[in-house]
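What follows is a single structure, written as structure tokens, with notes after it.
The structure presented is a predicted model; accordingly, all values stated were derived computationally and were not measured. As the structure lists them, so they are numbered: ligands from 1, and atoms in each ligand from 1.
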Amino acid sequence: MRVAVWYSNKDVRLEERPVPQIGPGELLVKVVASGICGSDVMEWYRRDRAPLVLGHEIAGEIVAAGEGVAKYQPGERITAAHHVPCQTCHYCRGGNPTVCETLRRTSFDPGGFAEYIRLPAINVDRGTFLLPDEISWEDATFAEPIACVLRGQRMASIRPGNSVLVIGSGIAGLLHVALAHALGAGRIVATDINQFRLEAAQRLGADSTFHAGEYVPDFLRQVNQGRLADRVIVCTGATSAITQALESVDRGGTILFFAPTDPGVTIPISINELFFREDRTLTTSYAGSPADYQTALDLIRAGTMPVHQMITHRLGLAETGIGFQLVASAQDSIKVIIEPQR
Ligand SMILES: [Zn+2]
Ligand SMILES: [Zn+2]
């Protein structure tokens, strides 16, 4: 089969590999659509492990089921989670499956930018989801990013009527705008350095948008009845964005850090300011749980998350490298979908 192998964002090679062999409890899936994630182009995070077959936002058709697989059959349309929790450790039992060690270790074989993938038994057991007919292949690739966004907004306790500032309007930021809008947030404000993305944020539910290079918290006050934001969601690792977030969250509010920074970045925080005056909550969110995947699919099916309008490019497997360039350069692309069967 053909696979797209990542060496760097500028060096993605089409190579031949054998179709994976499946064992008991496993599934062989023909990948029909595979989304490029913002994290796929984060070179410092991937470089040490290259060459890699990336791709964790997939939709495909089951072509073979291993011995003992009772729930799924060849011909069925699915999406799947690459990271799945053990469900038995201290963290899983305590309701924190995304810090489970099993979750960090599990993955597809070899990765979603390939004609076929093998789903290990643990992924089949708790991370495989049948697609309703109404959800297209490409829309189904949004299950994973929306699952992550759902968990993030749960961690940030976004409530109806909250004002929400989203800093960084790439695909993650735009999904946050759309979900906050769908869940009944009050005023939604988005920033980015790219005008194309700010326009997309407006279409998806942002009431006001600002160029990140010009943004100051007073802009927020001007459109938010004199107040800072109840919730701030940081979807970029830029250090300037962290400063903006700290300056833009209202007293009693919450900042959700939804993207990593470059390695080694730290922020100075005054505990006394937080203690005596501000009572702000800082939190992070990484990945989503199996339950979040199911909710994500329900939202896609219901049309609550208008994912289709976020797809800007559809490319064949041999063009995966072009896709990585589009996502890494962050110009006029939002979601880039690879179609490994062409
Ligand atoms: Zn992703
Ligand atoms: Zn666990």
Side-chain angles (χ1 to χ4, degrees), residues 4 6 9 31 33-43 45-46 49 52-60 79-108 111-114 117 120-123 125-127 129 137-153 168-176 178-179 233 235-237 257-260 284-293 295-297 299-300 305 307 310-313 320 323-324 326-328 330 333-338:
W6 184 91
N9 287 344
V31 184
S34 197
I36 302 182
C37 181
S39 72
D40 287 331
V41 302
M42 220 155 57
E43 272 182 328
Y45 180 66
R46 308 279 186 198
R49 288 169 286 156
L52 280 171
V53 180
L54 295 169
H56 58 264
E57 304 177 353
I58 63 112
T79 184
H82 61 312
H83 291 335
V84 288
C86 77
Q87 296 181 345
T88 59
C89 73
H90 171 78
Y91 307 99
C92 285
R93 286 176 169 177
N96 296 303
T98 56
V99 291
C100 168
E101 281 177 29
T102 300
L103 183 126
R104 305 291 169 113
R105 269 201 311 267
T106 40
S107 197
F108 307 144
F113 303 128
I117 55 171
I122 188 172
N123 300 68
D125 179 62
R126 63 203 65 172
F129 305 88
W137 299 112
E138 55 190 26
D139 288 2
T141 65
F142 285 84
E144 190 270 347
I146 293 176
C148 298
V149 166
L150 276 163
R151 179 174 188 275
Q153 295 205 4
S169 300
I171 187 68
L174 292 173
L175 288 171
H176 273 294
L179 185 65
I233 304 176
C235 297
T236 159
F257 292 101
F258 196 74
T284 59
S285 185
Y286 164 83
S289 70
D292 292 320
Y293 274 75
T295 306
L297 285 172
L299 293 177
I300 295 169
M305 290 294 281
V307 292
M310 300 186 199
I311 302 171
T312 52
H313 297 79
T320 304
F324 271 75
L326 285 165
V327 175
S333 74
I334 299 174
K335 195 59 171 177
V336 178
I337 302 281
I338 302 299

Quiz item: So, do Phe108 and His56 have ring centers that fall under 6.0 Å from each other?
Solution: no

Exercise. For the Zn ion (ligand 1), decide whether Asp40 has an N, O or S atom at a distance under 2.8 Å.
Key: no

Practice problem: Can you tell me, to 10 degrees, how wide the angle at the Zn ion (ligand 1) is between NE2 on His56 and OE1 on Glu144? | Solution: 100°

Practice problem: Determine, step by step, whether Arg46 and Arg49 satisfy the side-chain contact (heavy atoms from CB on, under 4.5 Å) criterion, reporting the C-alpha distance in whole Å, the side-chain angles of both residues, the deciding distance to 0.1 Å, and the verdict. | Solution: CA-CA 6 Å; Arg46 308 279 186 198; Arg49 288 169 286 156; 4.3 Å; yes

Quiz item: How are the rings of Tyr286 and His83 set relative to one another: parallel (under 30°), tilted (30 to 60°) or perpendicular (over 60°)?
Solution: tilted

Quiz item: Which value, rounded to the nearest 0.5 Å, describes the distance between Leu297 atom CG and Asp292 atom CG?
Solution: 11.0 Å

Quiz prompt | the Zn ion (ligand 1) - closest N/O/S atom in Glu57 | solution = OE2

Exercise. Mark yes when over 12 heavy atoms from residues, nucleotides or ligands other than Arg93 sit less than 6.0 Å from its CZ; otherwise mark no.
Key: no

Exercise. Answer yes or no for His90: is there an N/O/S atom below the 2.8 Å cut-off from the Zn ion (ligand 2)?
Key: no

Quiz item: Taking the Zn ion (ligand 2) as the vertex, what is the angle from SG of Cys100 to SG of Cys86, given to 10 degrees?
Solution: 110°

